[in-house]
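Read through the structure below, which is laid out as structure tokens, and then see the notes.
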Amino acid sequence: MRLSVNLDLLDHQVTDAEKLPIARVDDLEISVPEDGSGDEPLVTGLVLGTEAAGHRIGGRVGAVMASASARLRDRAQSGPPIVAVDRVEQVRPFLVLTDAFPDLPQVARLEHWLRRHVVAPDRGGDRADQ
Amino acid sequence: MNTKKLFSFTLGTLSAIGGFIDIGDLVADALVGARYGLRLAWVTGIAVVGIMCYAEMSGRVAARTERPALSLARGRMGPRFALVSLVGALLVTGLLVMAELSGIALALQLATSVHYLLWVPVAALLVLAVVKFLPFEMMERLYGILGLTMLVFVWAVWKLHPDWGHLWQSATTLAPTTGESWTAYFFYAVVIIGAQMTPYEMFFFSSGAVEHRWSPKNLDEIRVNVMVGFPLGGLLAIAIQATSYLVFFPRGIEVEHISQTALPVAIALGKVGLAIAIVGIFAATFGATLETLFATGYDLAQYFGWSYGEVQKPERAARFTVTIVSVLLLAVALALTTISPITVTVYAVTFSAMVLPLSFLPVLLVANDREVMGDLVNGRLSNSVGVVILALSVVISVSVLPLLILSKAGGA
Amino acid sequence: MRISELLGRDVVGPDGAAWATVVDVHVDAPVPAGRGSAGPWSVAGLVLAPAPTSTWTAWLHFTGLTQARVAGPLRPLARGARAQARYLAARDVARWSGEALVAEPVRARPLEEVDR
């Protein structure tokens, strides 16, 4: 399928395998070919973190958004969460991933955290945290 | 006849209630009726046409894409523009939650003579209980139908034995009454359209369509909702203007308080009419509180791509749930500062008028995208009306501040 | 590299003169394809606006009004931008690294040829 980054990918809704909305495509990770090789760059991953959106918005507001979101990041990671494109099952009318939300602990960390600590603490959180 | 189909117009009615007979409108319509008669009824007409066009469009987009209207904003306009739209939307709906919550309290004050501030926390608890225990569909049906008690205003117009020719003449005179300035007239026109053609009606309607899981098979339901709900809302708004006109205008009385909204009904229909009106106002403000509260949660959730909604259990939409509860608490806190809900509504309506185009644009763009919509893409009618309303919203957006200043907020 | 770094990037010829700006990127993706997509997603080409590109033109491209798939009453606003837009196949980009992309202007075709 031929997609337009502006119209089909960037800032579009991403859901998990059960069609539960979890995040937006805040940027795309691409691999750049060698100069002069004539190869096409590959889109390797979806960047799903408001941190990346903050960088795109720019200015003071964007910087605040980016740093607030970065605080929620898993300490082991050096940037916002990236989901490989082979985990994308569908693109139109919105992106659907092959995994269910509990199996994606690095994405939408605020949601994971709130579920665990605020909204449903007695349920022991998601599978992935056990 | 299938009872489900019979009640299936309630989403439209509930969306319309929040737009046409919420607390802002209740006071604005009474005020405008007392001051200009029906000379601003044409504005309500335009608001009805405009919101019908965009609610249908966003409902159709929701049926095809399973995504509601505000969700489209970021995808089509980018994170920066959509952020401006989000901030505007949050300010409007956030402030309105406080105003509508106060409206519930004021309705209770009308019924019991206990000061409204004491009712505010009670109202908040009631709202919380409804949100927690009532499923979306039931909530929608209950308030959609109870809101119909506002038809008592139409009955009141009848009972006041008006000179119908006189009313018609007032409605067809597109000019301020003698002694009133044009700037104040147009300021109130903008206030009315800002209060009645609010984007959150469209957001709520399309989010409701997604909650109902409407698909292209439900296009008829979408259209019935739009064609029944919003014109009904417009009719009720005009009825309020008319009762206010018939009772206050001849006596030169100005409307400043919500209790005056119900007075004409009491005069026309006595205690029974007043009781029904109070029930209606309670239902309308309760429905509007739910609508604006949800809209605030939806706005934030849809910008960031979170799960949301009444249909999802709180555990599956934690960010949305936390947002809703926080907004309600903030609304109570704001109300308890004793700031007038009417003042808050005027600010909210002004903001809404200023960001109006940013809300309509993404819907018009997506509804015209053949790759997304397939055979449900916009036809000529949707596009003609849609672009006219969009152009109008741009005019409104740039003129609201100058009119506010020039007319000294309607005082001139 | 991120796609956000590609959008808005200048394209220069071998002589170093800037002749276009990237306003959209077309991607070939083998989805839907059941459980997980069957292959890599490749960048097929770039949509370019002639340099210097105004914010208005970039915005028109962003909203999709310059592409054939978005019809409707706002299209006339984008007629000029669409006529001037170019499409460059990814294979024809000589250099991706560096501050600007390097490609020969003659390699680019009118967008209208590619997007009907």
Side-chain angles (χ1 to χ4, degrees), chain A residues 1-16 18-27 48-50 52-59 61-62 65 69 91-96 100-102 107-126, chain B residues 61-68 70-87 132 207 210 213 215-216 298 300-309 311-326 362 365-366 368-374 376:
Chain A
M1 187 185 274
R2 174 66 57 101
L3 305 168
S4 148
V5 163
N6 281 336
L7 296 181
D8 298 307
L9 293 174
L10 212 49
D11 293 305
H12 276 242
Q13 180 75 63
V14 176
T15 70
D16 75 350
E18 292 163 22
K19 307 246 172 126
L20 181 75
I22 52 178
R24 284 195 178 260
V25 178
D26 291 299
D27 212 335
L48 303 179
T50 304
H55 289 307
R56 283 174 53 223
I57 290 172
V61 173
M65 278 175 78
S69 180
V91 175
R92 292 213 189 112
F94 48 86
L95 289 95
V96 179
F101 183 64
V107 178
R109 292 182 62 78
L110 181 62
E111 179 77 16
H112 285 287
W113 191 90
L114 284 172
R115 286 190 190 189
R116 216 168 352 124
H117 296 288
V118 175
V119 176
D122 34 291
R123 277 164 204 248
D126 314 302
Chain B
V61 172
R64 171 57 80 206
T65 65
E66 299 164 57
R67 297 258 62 81
L70 188 54
S71 184
L72 309 169
R74 206 175 130 177
R76 283 293 144 151
M77 300 193 309
R80 216 177 281 152
F81 270 111
L83 188 61
V84 173
S85 186
L86 173 70
V87 170
K132 189 168 165 56
S207 299
V210 175
R213 299 195 204 286
S215 73
Y298 290 154
L300 212 55
Q302 287 165 18
Y303 179 83
F304 287 108
W306 303 342
S307 51
Y308 63 86
V311 171
Q312 301 290 359
K313 296 206 259 295
E315 307 91 74
R316 282 167 61 83
R319 292 168 291 190
F320 173 78
T321 308
V322 168
T323 306
I324 295 260
V325 175
S326 313
L365 285 172
V366 174
N368 273 300
D369 188 336
R370 271 189 225 107
E371 302 243 344
V372 171
M373 298 299 289
L376 291 184

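All chains are named by letter (A, B, ...) in the order of the sequence lines, taking the proteins before the strands, and each is independently numbered beginning at 1.
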Given a strict heavy-atom distance threshold of 4.5 Å, which part of [X] is in contact with chain A: side chain, backbone, both, or neither?
X	answer
B:V372	neither
B:R67	side chain
B:L365	neither

Under 4.5 Å from any heavy atom of chain B - which part of A:R92: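 Contact with chain B is through the side chain of A:R92 alone.
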Does any heavy atom of chain B fall under 4.5 Å from the side chain of A:D8, the backbone, both, or neither of them?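 Answer is neither: A:D8 stays 4.5 Å or more from chain B.
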Distance, nearest 0.5 Å, that separates [atom1] of [X] from [atom2] of [Y]:
X	Y	atom1	atom2	result
B:M373	B:T65	CE	OG1	7.0 Å
B:Q302	A:R24	CD	CZ	8.0 Å
B:R74	B:F304	CZ	CZ	7.5 Å

State, to 0.1 Å, how close A:F101 and A:D16 come at their nearest heavy-atom pair, and which atoms those are.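 It is N-OD2, 2.8 Å.
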If you take all heavy atoms of A:D26 and A:L48, which pair is closest and at what distance?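 The answer is OD2-C, 3.8 Å.
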